[in-house]
Amino acid sequence: DALEALSKMTQATIFVLRDGQEVRTEVPSVVRGDIVILGTGDVVPADMRLVEADDVKVSEMALTGEPDDVAKTAKLKVKKPGEPEKLTPE
C-alpha cells in the first residue's frame, strides 16, 4: 500500500522555528505557522511552501514515480488573473 510505504519513510522528529526558537518536535505536532528547518537527508514532514532555498532537490519517486530528483525553488510563478499562486521548478 502506497500510503503505508510513505508513512514508513517519514522521520519521527524535525526542527522547527516556533515563537522565535529552534526546537525539535514530533512530526505530528507540526502546525500551520511553524517554519520547518530542513537539512540534507531530511524527509519533508508535510505540504509546505519554501520561503528560502539553496540547491534544494527532492525525490518524488514515491509520489510520482519520477526516478530523478526534482529541483525546487522558493520563487513563485507569475500569477494570471483568477489563478492561484503556484511554485515554479528551477
Side-chain angles (χ1 to χ4, degrees):
D1 174 59
L3 189 55
E4 185 178 327
L6 284 173
S7 68
K8 288 180 182 177
M9 290 174 53
T10 62
Q11 56 196 38
T13 60
I14 193 81
F15 283 100
V16 298
L17 190 62
R18 186 180 284 170
D19 297 325
Q21 300 287 326
E22 186 175 317
V23 294
R24 182 174 213 107
T25 186
E26 299 288 322
V27 169
S29 69
V30 173
V31 296
R32 180 178 289 165
D34 283 342
I35 297 174
V36 177
I37 301 167
L38 296 173
T40 302
D42 282 348
V43 176
V44 178
D47 287 341
M48 62 180 68
R49 173 175 285 177
L50 294 173
V51 292
E52 185 176 316
D54 184 33
D55 195 30
V56 175
K57 292 190 178 188
V58 177
S59 172
E60 295 182 349
M61 183 178 273
L63 298 172
T64 65
E66 176 64 41
D68 298 322
D69 291 346
V70 178
K72 298 292 181 178
T73 178
K75 294 186 298 185
L76 290 173
K77 285 185 177 180
V78 177
K79 183 178 158 187
K80 295 179 183 175
E83 286 186 358
E85 291 179 340
K86 295 182 181 177
L87 295 178
T88 181
E90 286 187 309

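Every heavy atom of this structure was used, including side-chain atoms; hydrogens, water molecules and symmetry mates were not. Quick caveat: nothing in here was measured; it's all calculated off a predicted structure.
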Exercise. Looking at CD of Glu22 and CG of Leu17, how far apart are the two atoms once the value is rounded to the nearest 0.5 Å?
Worked result: 7.0 Å

Problem set entry | Closest non-hydrogen atom pair, Asp42 against Ile37 | OD2-O, 3.9 Å

Exercise. Is there a path from Leu38 to Met61 through hydrophobic residues (I, L, V, M, F, W, Y) whose side chains come within less than 4.5 Å of each other?
Worked result: no

Exercise. Side chains of Thr13 and Val27: closer than 4.5 Å at any heavy-atom pair?
Worked result: no

For this session: Rounded to the nearest 0.5 Å, what's the gap from CD1 on Ile35 to CZ on Arg49? Could you check?
Result: 13.0 Å

Problem set entry | Shortest non-hydrogen contact between Asp34 and Ser29, atoms and distance | OD2-O, 4.0 Å

For this session: Could you tell me the separation between the CD atom of Glu60 and the NZ atom of Lys72, rounded to the nearest 0.5 Å?
Result: 4.0 Å

Exercise. Of all residues at least two apart in sequence or in a different chain, which pass the side chain to side chain contact (heavy atoms under 4.5 Å, CB included) check with Glu66?
Worked result: Thr64, Asp68, Val70

For this session: Indicate yes or no: at least one non-hydrogen side-chain atom of Val36 is less than 4.5 angstrom from one of Val30.
Result: yes

Problem set entry | Heavy-atom check, side chain of Thr73 versus side chain of Val56, under 4.5 Å | no

Exercise. How close do Val43 and Ile14 get, heavy atom to heavy atom, and via which atoms?
Worked result: O-CD1, 4.2 Å

Exercise. Can you name the side chain to side chain contact (heavy atoms under 4.5 Å, CB included) partners of Val51, sequence neighbours left out?
Worked result: none

Problem set entry | Shortest non-hydrogen contact from Lys57 toward Ala71 | CG-CA, 4.1 Å

